[in-house]
Structure formats: structure tokens, C-alpha cells
Student: 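The structure under discussion is supplied below as C-alpha cells; questions concerning it will follow.
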Protein chains: 2
Amino acid sequence: MSEGNVRRRATRAARAPLSRAEVVEVALRYVDEHGLDALTMRALATQMGVYPTALYWHMGDKAQLVAAVSAKVLEDIVLPSGHDMRWDDWLSTVALSCRDAMRRHPNLAPVIGSQLAVTTTALPLVERVIDVLERAGFTGQTLIEVYNTVIGFVLGWVTLELSQGPAEGNDEWQQEYEAQLRSANPTAYPALTRNLDLLANNAFLVRWDSGRDRPMDLSFETALDVLIRGLRAKRE
Amino acid sequence: MSEGNVRRRATRAARAPLSRAEVVEVALRYVDEHGLDALTMRALATQMGVYPTALYWHMGDKAQLVAAVSAKVLEDIVLPSGHDMRWDDWLSTVALSCRDAMRRHPNLAPVIGSQLAVTTTALPLVERVIDVLERAGFTGQTLIEVYNTVIGFVLGWVTLELSQGPAEGNDEWQQEYEAQLRSANPTAYPALTRNLDLLANNAFLVRWDSGRDRPMDLSFETALDVLIRGLRAKRE
DNA sequence: ACCTGAACACCGTTCAAGT
DNA sequence: ACCTGAACACCGTTCAAGT
């Protein structure tokens with residue numbers, strides 16, 4: 001306990017004052033390494049050689065910290081240059097780029113999917129997507145709806161892909177579920193039974209490994225293809 | 001403290017033993033009423049007139065409880081009868097029905113989006129979607145990919161729609177964000193500036209009210225339309 | 001089998017105080 | 001302005017014990 005204090009002091013001797021940006025940075029790395037549940041005001045404080053209450057001065061409360069950290073993930077999205085590409089190619093590229101950014105910080109996927117995430121860090125993405133959809137011919141109210149279609153699809157889909165089961169370490173429930181799935185009544189579930197080997201652990205709602213370990217690359221590409229084809233048809 | 005025990009005892013006098021199903025039921029209602037953060041092993045135990053540790057006997061730990069509760073939301077999805085409908089109409093109906101089910105339990109949206117949710121409760125949905133996609137002409141590996149396209153789109157999109165900002169009660173950050181948004185540099189963000197009035201609080205990443213309070217009905221319908229058109233094109 | 005009761009090692013957050 | 005230090009009211013979870 002006093003030992004902890006000593007180490008803390010040692011690490012932080014003659015140190016520049018904390019900044020909000022620095023706290024968020026360290027928190028992001030911490031979550032990447034130790035998981036979202038391990039992100040604790042106290043743990044982060046210890047990591048930074050500071051008292052927990054110091055974080056409150058910079059960040060407000062924990063909810064705001066988490067919001068700031070999740071916003072930083074979207075900052076990482078690489079936006080292709082653009083005006084030399086067709087609108088549909090550009091959209092595909094940026095969708096894959098969003099997915100990559102989220103895959104780089106899978107522990108934050110739940111937060112990205114469920115947090116409003118209003119920050120100026122996302123504005124470049126918004127600007128470019130709106131721009132390219134205008135070039136595709138969408139305007140006014142339809143433009144907004146199509147924008148929401150695209151963003152909701154990409155961010156939502158990948159959130160689901162990266163979702164996890166309870167207790168990642170525990171694989172008893174995995175085997176139990178697989179057994180339960182394979183013994184499903186064939187007359188009650190004929191279509192499922194017909195395709196069981198293809199579905200098992202490969203399809204949403206009937207898989208036990210997360211997209212973290214088992215990327216759903218082909219499905220995402222198909223989803224993207226469906227999206228683009230749908231948008232083309234919508235333009236008519 | 002001993003007062004608490006007395007009330008607990010009173011509520012639960014001559015009571016049938018707890019069942020797993022009952023715990024999950026009460027937990028779902030509790031989350032609907034008080035929010036996900038308020039769901040605590042201790043609070044739920046008090047609600048049920050029982051010691052916290054009694055829950056552990058039935059549910060395992062909290063992660064498993066939450067998983068079971070979120071699975072129950074999917075149980076609520078109304079599946080239209082089917083074989084008298086065209087595949088595309090059926091898919092639209094069931095997508096709207098999924099969204100309705102999630103909107104009935106908005107506090108659980110973050111969990112549905114981010115939890116693997118492997119339970120037999122989702123099997124009817126899986127069966128029917130697979131069945132209808134086969135009828136639409138998809139088979140084998142493509143069938144799986146298209147299935148993932150559909151499920152990922154619907155569940156993911158609605159998860160995003162129902163997402164919330166940090167500290168729901170606090171509306172300082174909302175005003176602050178709106179001000180920040182409206183003062184965005186017009187030369188850096190021309191497309192955004194052109195459509196600012198349409199976008200503000202209506203589009204993903206630039207809204208401050210949750211889809212709980214501000215349903216994105218039109219956008220979801222458009223998204224659905226794009227999905228269906230895309231699937232039609234994919235069949236060719 | 002099902003639950004009580006006590007205990008442990010944590011949390012987030014507030015508030016006064018230092019510099 | 002920025003941080004320490006102590007304190008408060010909680011958590012989830014384990015384990016022994018009761019019936």
C-alpha cells in the first residue's frame with residue numbers, strides 16, 4: 001500500500017502535468033492490452049503514476065473517459081484521397097478501412113456500437129461520406145437516409161462481428177452450446193439442419209468464437225457488395 | 001440493515017424456490033425499468049427478496065446473467081407465418097419486427113450488439129431466415145454469407161440507432177457539441193456545411209439524442225430498402 | 001438442492017486540503 | 001491550475017455453514 005505510493009512517486013518524479021489527451025492515449029493502450037473490464041479509474045491512475053482523483057480533474061467521470069477513448073478509435077480510420085475514384089469504389093475502400101480500424105481495437109467495439117460518439121474526431125469521415133454520396137447523386141432528405149444506411153451498416157455490422165461471449169476464458173459453455181446446436185430437432189429446424197455444418201461457428205447467432213479470433217472476411221465482403229448494389233439500384 | 005432482512009423475509013415468506021427462468025425474467029424487467037448500470041447482483045437479489053449469493057447458485061456469475069437476459073430479448077421477435085409471402089416482403093417484415101423487439105428493451109441494445117448471444121432462443125429466427133433465403137435462391141457458402149449480411153445489418157444497425165451518450169441526464173455536452181458542430185470550418189467541411197441543418201441530430205456521428213427518444217424510422221426503412229434491392233441484384 | 005451470512009478485495013466518486 | 005489523501009457508499013465473488 002505505502003509500497004504502491006513509493007513506486008508511483010518514483011515513476012512520476014519531475015514530470016510534466018497530465019493532459020487530457022495523454023490520459024486518453026494511455027487509456028486506449030491500456031484497454032487494447034488488458035481489456036475493457038480492466039479499465040478502472042484506479043488502475044489507470046496507477047498506470048500513470050497518479051492518484052485516481054487526478055483523472056477526475058482532467059476527464060470528468062468514467063463515462064466521459066470511455067467516450068473519449070472510443071472516439072479515438074474512429075480517428076484511426078484511413079480515408080482514401082478520393083476524387084480520382086468512382087463513388088462505389090471509394091465507399092468500399094472506406095468501409096474496409098473502418099473495419100480495419102475497429103479490428104485494431106477490438107476491446108472497444110462494444111463501446112463504439114453502443115455509444116453515441118459525438119466528437120469532432122469523426123467529422124472528416126462524415127464530410128467525405130456525405131461528399132461522395134452527393135457525387136453519387138443523392139440529395140436532401142434522401143442523402144441523410146442513405147448516409148445513415150451506410151454508416152449504420154458498417155459500424156453496426158463490425159460491432160456484431162467483434163462481439164464476445166460471457167467469460168472469454170471459459171470454454172465449457174462453447175462445447176455445451178455446440179452439443180445443443182447439433183442435437184437440434186431436424187423436423188423443427190429443417191433448414192438449419194440442412195446447413196448445419198456451414199452455419200456452425202460461422203454465422204451470427206450460431207457461432208461461439210468471436211470475430212476477433214475468427215474474422216468473417218467473406219461475409220463482410222458480401223455484405224458490402226449487397227450494400228453497394230442496393231445503393232446503385234436506389235439511384236436508378 | 002436488519003430492517004432490510006426483515007422486509008426481505010416478509011416478501012418471501014413461504015415462497016417456492018427460485019428458478020433460473022424466474023431470475024432472468026425479473027432481471028429483464030429490472031433493466032427495462034432502471035437501466036443496465038443499475039442491474040447489480042445485490043440489487044436484483046434485494047428485488048427478489050433473497051441474498052445475492054442465492055443468485056450465484058442459479059445463474060453462475062453476472063456475465064452469464066446478462067447473457068441470458070439479452071437472449072430473452074431475441075425471444076420476443078414475432079416471426080410472420082411466411083409461406084404465403086414473397087421472400088423480400090417476409091425479410092422486410094421480420095427486420096421491422098427485430099427492430100421493434102429491440103426497441104421494447106432499449107437498455108439492452110448495447111449488450112445485444114456486443115454479446116455473442118448463442119442460445120437456443122434464437123434458433124427459430126435463424127431457421128426461418130435461412131429458409132427464406134434458400135427460397136430466394138441462395139445456397140451453400142453464399143447462403144451463409146448472405147445470412148450474415150442480413151442479420152449483421154439488422155441487429156447492428158439498430159444497436160447503433162439505440163446507442164447513448166455518456167451521462168444521459170447531463171445535457172451540457174449536447175449543447176457544447178452542437179455549438180462545436182455549427183462552428184465547423186466551412187472550407188474544411190464544405191459538404192457537411194451544405195447539409196448541416198439536415199444532418200444535425202439526425203445522422204449517425206453527428207447527433208446528440210439517442211434513437212430511443214428520436215427514432216430513425218425513415219433511415220431504417222431506406223436501409224432496409226437498400227438491403228433488399230442489393231439482395232435482389234445479388235441473385236441476378 | 002437451495003439458501004443464509006459473513007467476509008474479501010475491489011470499485012467510482014466526493015470533498016477538503018495542499019502547492 | 002493541478003494534484004494528494006482520506007473517506008463513503010457501493011460492487012462482484014468466494015466460502016463455510018445451515019436446512
Side-chain angles (χ1 to χ4, degrees), chain A residues 1-24 26-27 30-31 34-69 111 166-170, chain B residues 1-24 26-27 30-31 34-69 111 166-170:
Chain A
M1 201 175 251
S2 68
E3 189 213 332
N5 275 342
V6 169
R7 198 176 319 126
R8 209 182 273 134
R9 274 293 168 73
T11 340
R12 268 197 94 64
R15 176 76 163 64
L18 250 51
S19 73
R20 200 185 140 91
E22 194 194 353
V23 173
V24 175
V26 176
Y30 193 85
V31 171
H34 299 100
L36 189 57
D37 289 343
L39 180 65
T40 278
M41 297 303 269
R42 296 174 116 104
L44 182 60
T46 304
Q47 177 85 5
M48 305 192 75
V50 110
Y51 273 72
T53 39
L55 300 177
Y56 282 82
W57 200 92
H58 291 279
M59 298 294 323
D61 59 7
K62 193 188 174 181
Q64 290 177 262
L65 169 66
V66 172
V69 173
V111 182
E168 57 242 63
N170 174 8
Chain B
M1 206 176 244
S2 67
E3 188 212 333
N5 276 344
V6 169
R7 198 176 320 125
R8 209 182 272 135
R9 274 291 167 78
T11 340
R12 270 196 92 64
R15 174 77 162 65
L18 252 51
S19 73
R20 199 186 140 91
E22 194 193 351
V23 173
V24 175
V26 176
Y30 193 86
V31 171
H34 300 101
L36 188 58
D37 289 342
L39 180 65
T40 277
M41 298 302 269
R42 297 174 114 105
L44 183 59
T46 304
Q47 176 85 5
M48 305 192 75
V50 110
Y51 274 71
T53 38
L55 300 177
Y56 282 82
W57 199 92
H58 292 279
M59 298 295 322
D61 59 7
K62 194 188 174 182
Q64 288 176 262
L65 169 65
V66 172
V69 172
V111 182
E168 58 242 61
N170 174 8

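The sequence lines fix the lettering, A, B, ..., with proteins before strands; numbering per chain opens at 1. Just so you know, these numbers come straight off a predicted model, no measurement behind them.
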Student: Taking donor-acceptor contacts at under 3.5 Å, does the side chain of B:Thr53 reach the base of C:dG5?
Tutor: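 By the distance-only test, yes, there is a pair.
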Student: Could you let me know what C:dA17 is paired to, Watson-Crick or G-U wobble, both distances under 3.5 Å, or none if it's on its own?
Tutor: none
Student: Applying a 3.5 Å limit to both distances, which nucleotide forms a Watson-Crick or G-U wobble pair with C:dC3?
Tutor: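 Across all strands, not a single nucleotide pairs with C:dC3.
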Student: Main chain of A:Ala43, side chain of A:Thr40: is a donor-acceptor contact present, judged purely on distance under 3.5 Å?
Tutor: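 Between the backbone of A:Ala43 and the side chain of A:Thr40 there is no qualifying donor-acceptor contact (under 3.5 Å).
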Student: Just N and O in the side chain of B:His58: are any of them under 4.0 Å from OP1 or OP2 of C:dC3?
Tutor: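 True: B:His58 side-chain N/O within range (under 4.0 Å) of C:dC3 OP1/OP2.
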Student: Can you tell me which nucleotide in D:dT13, C:dG12, D:dC3 comes closest to the side chain of A:Thr40?
Tutor: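 Given the options D:dT13, C:dG12, D:dC3, the side chain of A:Thr40 is closest to C:dG12.
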Student: Are the side chains of B:Asp61 and B:Gln64 in contact, using a 4.5 Å heavy-atom criterion?
Tutor: yes
Student: Between C1' on D:dC11 and NZ on A:Lys62, what's the gap in Å once rounded to a whole number?
Tutor: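 From A:Lys62 NZ to D:dC11 C1': 12 Å.
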Student: Determine which nucleotide pairs with C:dC8, using a 3.5 Å limit on both distances of a Watson-Crick or G-U wobble pair.
Tutor: D:dG12
Student: Over how many whole Å does the gap from B:Asp37 atom CG to D:dC10 atom P extend?
Tutor: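 Distance check: B:Asp37 CG to D:dC10 P gives 15 Å.
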Student: How many whole angstroms separate atom CG of A:Leu39 from atom P of C:dC11?
Tutor: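 Atom CG in A:Leu39 sits about 11 Å away from atom P in C:dC11.
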Student: Taking C-beta and beyond as the side chain, do A:Leu39 and A:His34 meet within less than 4.5 Å on heavy atoms?
Tutor: no
Student: Taking C-beta and beyond as the side chain, do A:Glu22 and A:Met48 meet within less than 4.5 Å on heavy atoms?
Tutor: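 A side-chain contact under 4.5 Å exists here.
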Student: Return no unless some side-chain N or O of A:Tyr56 is found under 4.0 Å from OP1 or OP2 of C:dT13.
Tutor: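 Answer is yes, contact under 4.0 Å.
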Student: Does any non-hydrogen side-chain atom of B:Leu65 lie less than 4.5 Å from one of B:Leu44?
Tutor: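 In contact.
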Student: If you check the B:Arg42 side chain, which of C:dT13, C:dC11, D:dT13 turns out closest?
Tutor: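 Looking only at heavy atoms from C-beta outward on B:Arg42, the closest nucleotide is D:dT13.
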Student: Any idea which of C:dT13, C:dA1, D:dT4 is nearest the B:Trp57 side chain?
Tutor: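 Given the options C:dT13, C:dA1, D:dT4, the side chain of B:Trp57 is closest to C:dA1.
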Student: It should be established whether B:Tyr51 places a side-chain nitrogen or oxygen under 4.0 Å from OP1 or OP2 of nucleotide C:dC3.
Tutor: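 For B:Tyr51, the contact criterion (side-chain N or O under 4.0 Å from OP1 or OP2 of C:dC3) is not met.
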Student: Could you state the atom-to-atom distance from CZ of A:Arg20 to P of D:dC2 in whole Å?
Tutor: 13 Å
Student: Rounded to the nearest Å, what distance is computed from the CE atom of residue B:Met59 to the C1' atom of nucleotide C:dC2?
Tutor: 15 Å
